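Note: hydrogens, waters and symmetry copies are ignored here, and every other heavy atom, side chains too, is used. This one's a predicted model, so the numbers in the text were calculated from it and none came from an experiment. Below, read A as the first sequence line, B as the second, and so on, with proteins coming before strands; counting in each chain starts at 1.
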There are 2 protein chains.
Amino acid sequence: MKLSTRGRYGLRAMYDLALRYGEGPVPLNSIADRQMVSLHYLEQLMAKLRKAGLVASSRGAQGGYELTKPPEEITVGDVVRVMEGSFDPVQCLAHDFDHEDCEQLEDCVVRFVWKKLQDCTNRVLDSINLRDLCEGTVDLSSGSCGACASDSQRPMGTCQ
Amino acid sequence: MKLSTRGRYGLRAMYDLALRYGEGPVPLNSIADRQMVSLHYLEQLMAKLRKAGLVASSRGAQGGYELTKPPEEITVGDVVRVMEGSFDPVQCLAHDFDHEDCEQLEDCVVRFVWKKLQDCTNRVLDSINLRDLCEGTVDLSSGSCGACASDSQRPMGTCQ
DNA sequence: GGAATCCCAAGTAAACTAATCGGGATTCCC
DNA sequence: GGGAATCCCGATTAGTTTACTTGGGATTCC
């Protein structure tokens, strides 16, 4: 189980926008530079976030992207589910699954393991919003990245 | 984020073996039949579990596979990590990652979101062992599969 | 000796990933 | 009104992964 670059880049872009919330449209090339991601690729990712209603765009010079809601009203789960697709470890946990097909697919006991996993994942992702990220109020107690902690020139809580 | 068939089939095969623990080698074709999985594909999956030391095989007629440990000593996490690879949402959370590369890769704040996700996932998967599955002592309270509950002809806790 | 098993390596079609490429449409500002 | 800055869109692509299938070989029991 891995995250794709879509989820990772997408969340970093949203974090970047959250840091600049209220300052007007943020052009994508500045995000691409800061986050070191290909501009064209990021455009594709932003299209998903726009269609999901999480960001709004304005075209032309001085255009760019901005969050459609305050950072505290957007959870990490909102972003990740848009970028990665909803976390359905197995098909028959998906909302639109026809349970007539049940016996063809999965052992019940085993399926509920996946259900527990899904619940836990959503709970974690929905418990953190973009404002938490900006303010560094996320509890970082579990595990630490030594390489980052010592670099004090960078903006708070960031690596680059 | 999805589980591949490797993780799903692998856990079902291990559950099947756990139900028959102590009864001698279980031939793979019987597992493949019960779990409705291609025999040859299942062979490949079992090879991983064997190399990881979770099952032992005996060849020849009356041969088959069996757990190397009692079901209560094998967690779902043990199985899933073998089958899916360890859940490292991003590279730099992996054990062998060189943190010199840190600034190239990921924003710290965002990374700790992934760290929390990893911790929670491992905690859930490691909290359930194969005996729990066999005895149905897993707490199934969150969510339910209507199609299964009503079918009383099947072995307890199963769908098929 | 033959049936039942596990073991192994190779091949494959389809999907997915992580982009790149090339251009078009809109808007601001001078 | 012209040009720069920006978003928008569709096509293409190389590489990887997934979920198998195919075809056999080795071992063991009876």
Side-chain angles (χ1 to χ4, degrees), chain A residues 1-13 17 20 23-33 35-52 54-68 80 83-85 88-91 104-106, chain B residues 1-13 17 20 23-33 35-52 54-68 80 83-85 88-91 104-106:
Chain A
M1 277 163 31
K2 303 266 187 252
L3 277 170
S4 68
T5 56
R6 288 193 306 275
R8 301 193 287 118
Y9 294 177
L11 185 57
R12 282 161 63 188
L17 286 179
R20 291 160 187 81
E23 301 175 10
V26 180
L28 213 47
N29 59 30
S30 73
I31 302 180
D33 284 351
Q35 303 296 333
M36 289 180 288
V37 174
S38 140
L39 174 61
H40 262 302
Y41 189 43
L42 197 52
E43 278 182 332
Q44 291 175 42
L45 305 186
M46 295 309 287
K48 286 195 170 210
L49 294 166
R50 181 170 44 81
K51 282 166 192 160
L54 295 177
V55 300
S57 59
S58 36
R59 302 172 81 163
Q62 271 63 50
Y65 288 88
E66 36 196 336
L67 301 183
T68 54
V80 171
M83 299 312 295
E84 299 275 337
D88 296 316
V90 294
Q91 283 192 332
Q104 306 302 326
L105 274 173
E106 198 79 29
Chain B
M1 278 162 32
K2 303 267 185 249
L3 277 169
S4 69
T5 56
R6 287 195 305 277
R8 301 194 287 119
Y9 294 178
L11 185 57
R12 282 161 64 188
L17 287 178
R20 290 161 187 79
E23 302 175 9
V26 180
L28 213 47
N29 58 30
S30 73
I31 301 181
D33 285 350
Q35 304 294 333
M36 289 179 289
V37 174
S38 141
L39 173 61
H40 263 303
Y41 188 43
L42 197 52
E43 277 183 333
Q44 291 175 40
L45 305 186
M46 295 310 287
K48 287 196 170 211
L49 293 165
R50 182 170 43 83
K51 282 166 191 158
L54 296 178
V55 300
S57 59
S58 36
R59 302 173 81 163
Q62 272 66 50
Y65 288 88
E66 37 195 337
L67 302 183
T68 54
V80 171
M83 299 312 295
E84 300 273 336
D88 296 317
V90 294
Q91 284 192 331
Q104 307 301 327
L105 273 173
E106 197 79 29

Atom pair distance, as rounded to whole Å: [atom1] in [X] and [atom2] in [N]:
X	N	atom1	atom2	value
A:Met46	D:dC8	CE	P	9 Å
A:Tyr41	D:dT13	OH	P	19 Å
A:Asn29	D:dC8	CG	C1'	15 Å
A:Lys51	D:dC7	NZ	P	15 Å
B:Met36	D:dC20	CE	P	13 Å
A:Ile31	D:dC7	CD1	C1'	12 Å
A:Lys48	D:dC7	NZ	C1'	19 Å

Any side-chain N or O of [X] less than 4.0 Å from the OP1 or OP2 oxygen of [N]?
X	N	answer
B:Arg8	D:dA19	no
A:Tyr65	D:dC8	yes
B:Thr5	D:dA19	yes
A:Arg50	D:dC8	yes

Quiz item: According to the Watson-Crick and G-U wobble definition with distances under 3.5 Å, which dot-bracket string, read 5' to 3', encodes DNA chain D, using [ ] for crossing pairs and | for pairs with another strand?
Solution: ||||||||||||||||||||||||||||||
Self-check item: With sequence neighbours excluded, residues passing side chain to side chain contact (heavy atoms under 4.5 Å, CB included) with B:Asp33
Solution: none
Exercise. Please work out which residues in residues 55-63 of chain B have a non-hydrogen atom less than 4.0 Å from an atom of DNA chain C and list them by number.
Key: B:Ser57, B:Ser58, B:Arg59, B:Gly60, B:Ala61, B:Gly63
Quiz item: Are the side chain of A:Glu84 and the backbone N or O of A:Gly7 linked by a donor-acceptor pair below 3.5 Å?
Solution: yes
Qualifying residues under side-chain hydrogen bond (donor to acceptor under 3.5 Å, both in side chains), relative to [X], sequence neighbours excluded:
X	result
B:Arg20	B:Asp16
B:Glu66	none
A:Thr5	A:Tyr41
A:Ser30	A:Arg34

N/O to N/O distances under 3.5 Å, protein versus nucleotides 14-16 of chain D:
none

Self-check item: Terminal contacting nucleotides, 5' and 3', DNA chain C versus chain B (heavy atom, 4.0 Å)
Solution: C:dA4 to C:dA10
Practice problem: Ignoring hydrogens and angles, answer whether the base of D:dC8 and the side-chain atoms of A:Glu43 contain a donor-acceptor pair closer than 3.5 Å. | Solution: yes
Quiz item: Mapping A:His40 and A:Arg6 onto DNA chain C by nearest heavy atom, which one lands closer to the 5' end?
Solution: A:Arg6
Quiz item: Which heavy atom of A:Ala32 sits nearest a heavy atom of A:Leu39, and at what distance?
Solution: CB-CA, 4.0 Å
Can you list, pair by pair, the side-chain donor-acceptor contacts under 3.5 Å of residues 43-52 of chain A, counting residues two or more places apart and other chains?
from    : atom 1 : to      : atom 2 : distance (Å)
A:Glu43 : OE1    : A:His40 : ND1    : 3.1

Quiz item: Distance from B:Leu54 atom CG to B:Leu67 atom CG, nearest 0.5 Å?
Solution: 8.5 Å
